[in-house]
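Notes follow the structure.
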Amino acid sequence: QLYTKGKKAIMSSKVRFKEFKNRNKAEVSKKKRESHAVELRKKKRSDLAQKKRNVDLEQTGVPTQLPDDEEGFFMSLSEKMESSVLEEAIEAVVAVRELVSQEDEPSLDTLCASRCINKLVEFIKYNEPEYEKLQSESLWCITNIAAGSTAHCEALASADAVPILVEALSFGSPEIKEQAVWALGNLAGDSPMMRDYVISEDAVPAIIKVIETGTRKLLLRNASWAVTNLCRGTKPPPLFDSVSPFLKILLKLIVRSGDEEVITNGCWCAVYLSKGTRKIQAVIETGVTSKLAELLLHENMEIVFPALRALGNMVNGTDIQTQIVLNCSVLPSIHSLLGRLNTGMGILATLNPNIRQKINQLQRECMWVLSNILAGTEPQIQSVIDAHLFPYIIDALRSGVFRVQREAAWAICNATTQGSESQIGFIVSQQCIPALCSLLDIKDIKVVGSVLQALFQICVVGKEGDGIENKYHHEIEECGGLEKMQILAYDENEGISGMSKCILDDYLLVAEEDHSEINHDGMAYAFGTNASDPTVDNYFV
C-alpha cells in the first residue's frame with residue numbers, strides 16, 4: 001500500500017490526493033471519463049437527481065442562464081456563503097444547487113475555480129440540527145459537481161471533500177448518508193485514480209457499515225451503486241484486498257434486499273469481484289452462486305445480464321469451481337433463459353430494436369458461459385449435452401448475429417477439443433458441420449481458426465483408416481466446406497492455410513498437387529489446444 005498507518009496520521013488528505021494525482025498523470029489529463037459506460041452511469045444518476053429536485057428557477061428568482069460575468073457571479077455567491085446570517089448562506093447554496101441541477105449544465109469550471117467549492121465542502125461538517133438544510137443543499141451541489149468531468153472531481157478532491165464525505169456516512173442522518181454515498185459513488189466512478197483515492201480514505205468500511213445497518217431503499221440503492229464503482233475497472237483494477245471486504249455484503253444486496261436496483265448493483269459487484277481464480281473462490285464462498293443461477297429466470301433483463309456475466313466469470317476458473325457452479329442448477333436456468341429469448345422475448349424484439357439488441361447480448365453471454373463450461377472435463381461436457389443445450393448452440397451458430405455466432409463457434413471448438421469420441425459424435429449428429437462450414441468464409445481469423453479447430457477434431461474421430469474416406473467427408477463436401485478449405489489453403493495467414501492443408505491432406509484425403517508437397521513442419525498452427533477465448537465486451541454496464 002502507498003501509505004503506512006503512521007504516514008496516514010500526519011499526511012493531509014489534500015497532500016494524499018496530490019500524490020495519487022502525480023502517479024496517474026495520463027488519467028488526470030483526460031477531459032472525459034475513461035469509458036463511455038461510466039459516463040452513462042453518471043448521467044443516469046444525474047437524471048434521477050433532476051427528477052427528485054425538479055424546481056421552477058423563474059419562481060425562485062435564480063437566473064435560468066449564467067450572467068456574462070460568471071466569475072463575479074460566483075464570487076458574490078461565495079461572499080453570501082461566508083455571511084454570519086445562516087439564511088443568507090442557505091440562499092446562496094440553494095442558488096448554486098438549482099443552477100447545477102439544470103439540464104443545461106452551467107460553467108462548472110468557473111464554479112470550481114471559485115471559493116464556493118471550499119465553502120460547500122466546509123458546510124458538510126456542520127452537523128447541528130439548525131444546519132441540516134445547509135448541509136443537505138451543499139451535499140446536493142457536490143453530488144452534481146462530482147457528476148461532471150475529471151477536472152471537477154479533482155477540484156472536489158483538492159478541497160478535501162472525500163474524507164469529509166466519508167465522515168458524513170457515520171454522523172449524518174439517513175438523508176445525509178444517502179447524498180454523501182451518492183457523491184462518493186460519482187467520484188469513484190470518474191477514473192481509476194479517483195477510485196483508488198476514495199478507497200484510500202477508508203470509504204470501504206464506511207460504506208459497508210451503511211449497507212449493513214441501513215434499511216431505507218434509496219440509501220441501499222445509492223450505497224450499492226457506489227460499491228460497483230469502487231469495484232469496477234480494469235486499467236488498472238482496484239487491489240482485490242482493498243475491495244474484498246465488500247464480499248460480506250453480497251448476500252444482503254443480492255438475496256435479502258428485495259429491490260431490483262439493489263439486486264442489479266449486487267450482481268455487478270459479483271461480476272467485478274470474480275475475475276481470477278482466487279477471486280472466484282472468494283465469491284463462491286459467500287454463498288451467492290445458487291441465487292445468481294436463480295436470477296437467470298428473473299423477468300428484468302437488467303438483472304439477468306450481470307447475474308449471467310458473474311456466473312460466466314466463475315466457470316472460467318478451475319474445473320472444481322466450474323463444478324460447484326454446475327451443482328447450483330445453472331444449466332437448466334440457461335436452458336430456460338434461451339427458450340425465453342427465442343420465443344416470447346423474440347416477439348417483443350420485433351416491436352422494439354432496443355430489446356432485440358439486449359436479446360442478442362444475452363444470447364451471446366449464454367454462448368460465452370457455455371463455451372467456458374465446455375472447456376472443462378468430459379463429465380461437464382456431458383452435463384451440457386444432458387441439459388439439451390446443444391440445439392441452442394447449433395441454432396446460434398447457424399442463424400445468430402455475428403457476435404453470437406462467434407461465441408457459439410468457440411463453444412463447439414471447446415467441446416470437440418475436450419470431449420470424448422462419443423460426445424463429438426453426438427455433437428455432429430446435431431448438424432454442427434453445416435453450421436461450422438458456413439462460417440469458413442467470414443473475414444475473422446479467430447473465428448475461422450476456431451471453426452477449423454473443431455472440424456479437425458471431428459475429422460480425427462471420423463478417420464476410418466489409411467486410404468479409407470473419412471466418414472464425415474461427404475457431409476463436409478455437401479455443405480461446401482471442402483471447397484472453402486481448399487481456398488483457405490492458400491490464405492495469406494499461415495496459421496489458417498496450414499490448418500486447412502492439414503485437414504485436407506491428412507484427414508479428408510484431398511491431396512492436390514498444388515499443396516500436397518508443402519511441408520507442414522514449422523507452420524504457425526497447433527491443433528489439440530484449448531482454443532477458448534474468455535474475452536467479452538462490457539454490455540449492460
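- Under the rule for a salt bridge (charged side-chain N to carboxylate O under 4.0 Å, His left out), the partners of K291 that lie at least two apart in sequence or sit in another chain are E294.
- Here CZ of F390 is found 7.0 Å from CD1 of I381. Values are rounded to the nearest 0.5 Å.
- For the pair I280 and S274, the tightest heavy-atom approach, listed with the atom from each and the gap, is CG1-O, 3.3 Å.
- Judged by distance alone, the side chain of Q405 and the main-chain N or O of L397 form a donor-acceptor pair under 3.5 Å.
- Counting only heavy atoms from C-beta outward, the side chains of D319 and Q323 never approach each other to under 4.5 Å.
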**Item:** CA sep, side-chain torsions, deciding dist, call: Q380, L374, side chain to side chain contact (heavy atoms under 4.5 Å, CB included)
**Value:** CA-CA 7 Å; Q380 290 168 351; L374 291 167; over 6 Å; no
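- By the 4.5 Å heavy-atom criterion applied to side chains, R406 and R364 are counted as neighbours.
- By the 4.5 Å heavy-atom criterion applied to side chains, L337 and L308 are counted as neighbours.
- Qualifying salt bridge (charged side-chain N to carboxylate O under 4.0 Å, His left out) partners for R256, counting only residues two or more places apart in sequence or in other chains: none.
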**Trace of the side chain to side chain contact (heavy atoms under 4.5 Å, CB included) decision for Q321 with M314** = CA-CA 7 Å; Q321 290 170 335; M314 294 160 78; over 6 Å; no
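- In terms of modelled atom types and a separation under 3.5 Å, the side chain of T322 and the main chain of I373 share no donor-acceptor contact.
- D491 is linked by a side chain to side chain donor-acceptor pair (under 3.5 Å) to nothing, counting only residues two or more places apart in sequence or in another chain.
- The shortest side-chain heavy-atom distance between I393 and I412 falls under the 4.5 Å cut-off.
- No side-chain donor-acceptor contact under 3.5 Å links N222 to the backbone of W182.
- Other residues, nucleotides and ligands contribute only 12 or fewer heavy atoms inside 6.0 Å of the CD atom of E421.
- Listed by chain and residue number, F240 satisfy the side chain to side chain contact (heavy atoms under 4.5 Å, CB included) test with K279 (two or more places apart in sequence, or in another chain).
- Here the straight-line distance linking atom CG of L439 with atom CZ of R398 works out to 11.0 Å at 0.5 Å rounding.
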**Message:** For S336 and L296: C-alpha separation, side-chain torsions, deciding distance, then whether side chain to side chain contact (heavy atoms under 4.5 Å, CB included) applies.
**Reply:** CA-CA 8 Å; S336 177; L296 299 186; over 6 Å; no
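- A salt bridge links R309 with E365; the closest basic N to acidic carboxylate O contact falls under 4.0 Å.
- Put simply, the side chain of L508 reaches to within 4.5 Å of the side chain of M485, judged on heavy atoms.
- Distance alone, capped at 3.5 Å, is enough to place a donor-acceptor pair between the N414 side chain and the S371 backbone.
- Between I487 and L440 there is no side-chain heavy-atom pair separated by less than 4.5 Å.
- For the atom pair L295 CG and E260 CD, the distance stands at 10.0 Å (nearest 0.5 Å).
- For the pair N372 (side chain) and G312 (backbone), a donor-acceptor distance under 3.5 Å is present.
- Smallest separation of non-hydrogen atoms from P238 and V243: CB-CG1, 4.0 Å.
- Side-chain N/O atoms of N360 and R356 include a donor and acceptor closer than 3.5 Å.
- Shortest non-hydrogen contact noted between A489 and S497 is O-CB, 3.3 Å.
- What you find for I503 and L452 is that their closest heavy atoms are CD1-O, 3.5 Å.
- Side-chain atoms of D190 and T150 form a donor-acceptor pair, as typed in the model, at a separation below 3.5 Å.
- The CD1 atom of I284 lies 11.5 Å from the CG atom of L247; values are rounded to the nearest 0.5 Å.
- One finds the NZ atom of K484 at 13.5 Å from the CD atom of E477 (value rounded to the nearest 0.5 Å).
- Among all heavy-atom pairs drawn from S224 and I211, the shortest one is N-CD1, 4.3 Å.
- Crowding of E212 atom CD: a count of heavy atoms from other residues, nucleotides or ligands under 6.0 Å exceeding 12.
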**Prompt:** Given C437 and L455, is the side chain to side chain contact (heavy atoms under 4.5 Å, CB included) satisfied, shown in steps?
**Reply:** CA-CA 8 Å; C437 291; L455 289 172; 4.3 Å; yes
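- I254 has its side chain out of reach of C269: every pair of non-hydrogen atoms, C-beta onward, lies at least 4.5 Å apart.
- A donor-acceptor pair under 3.5 Å is formed between the side chain of Q423 and the backbone N or O of S420.
- Side-chain polar atoms of Q382 and D386 form a donor-acceptor pair below 3.5 angstrom.
- Separation of atoms CD1 (I458) and CD1 (I433) is listed at 5.0 Å; rounding is to 0.5 Å.
- Electrostatic pairing of K358 and E302 counts as a salt bridge here, judged by a charged N lying under 4.0 Å from a carboxylate O.
- Considering only residues two or more places apart in sequence or on other chains, D241 meets the side chain to side chain donor-acceptor pair (under 3.5 Å) condition with R278.
- Annotation for T289 and C328: closest pair CG2-SG, 3.8 Å, computed over non-hydrogen atoms.
- Dense packing is recorded around CG of L297, with more than 12 heavy atoms of other residues, nucleotides or ligands lying under 6.0 Å away.
- Proximity of I424 to V460: side-chain heavy atoms (C-beta onward) are nowhere separated by under 4.5 Å.
- In this structure, the ring-ring contact (aromatic ring centres under 6.0 Å, His included) partners of Y392, at least two apart in sequence or on a different chain, are H335.
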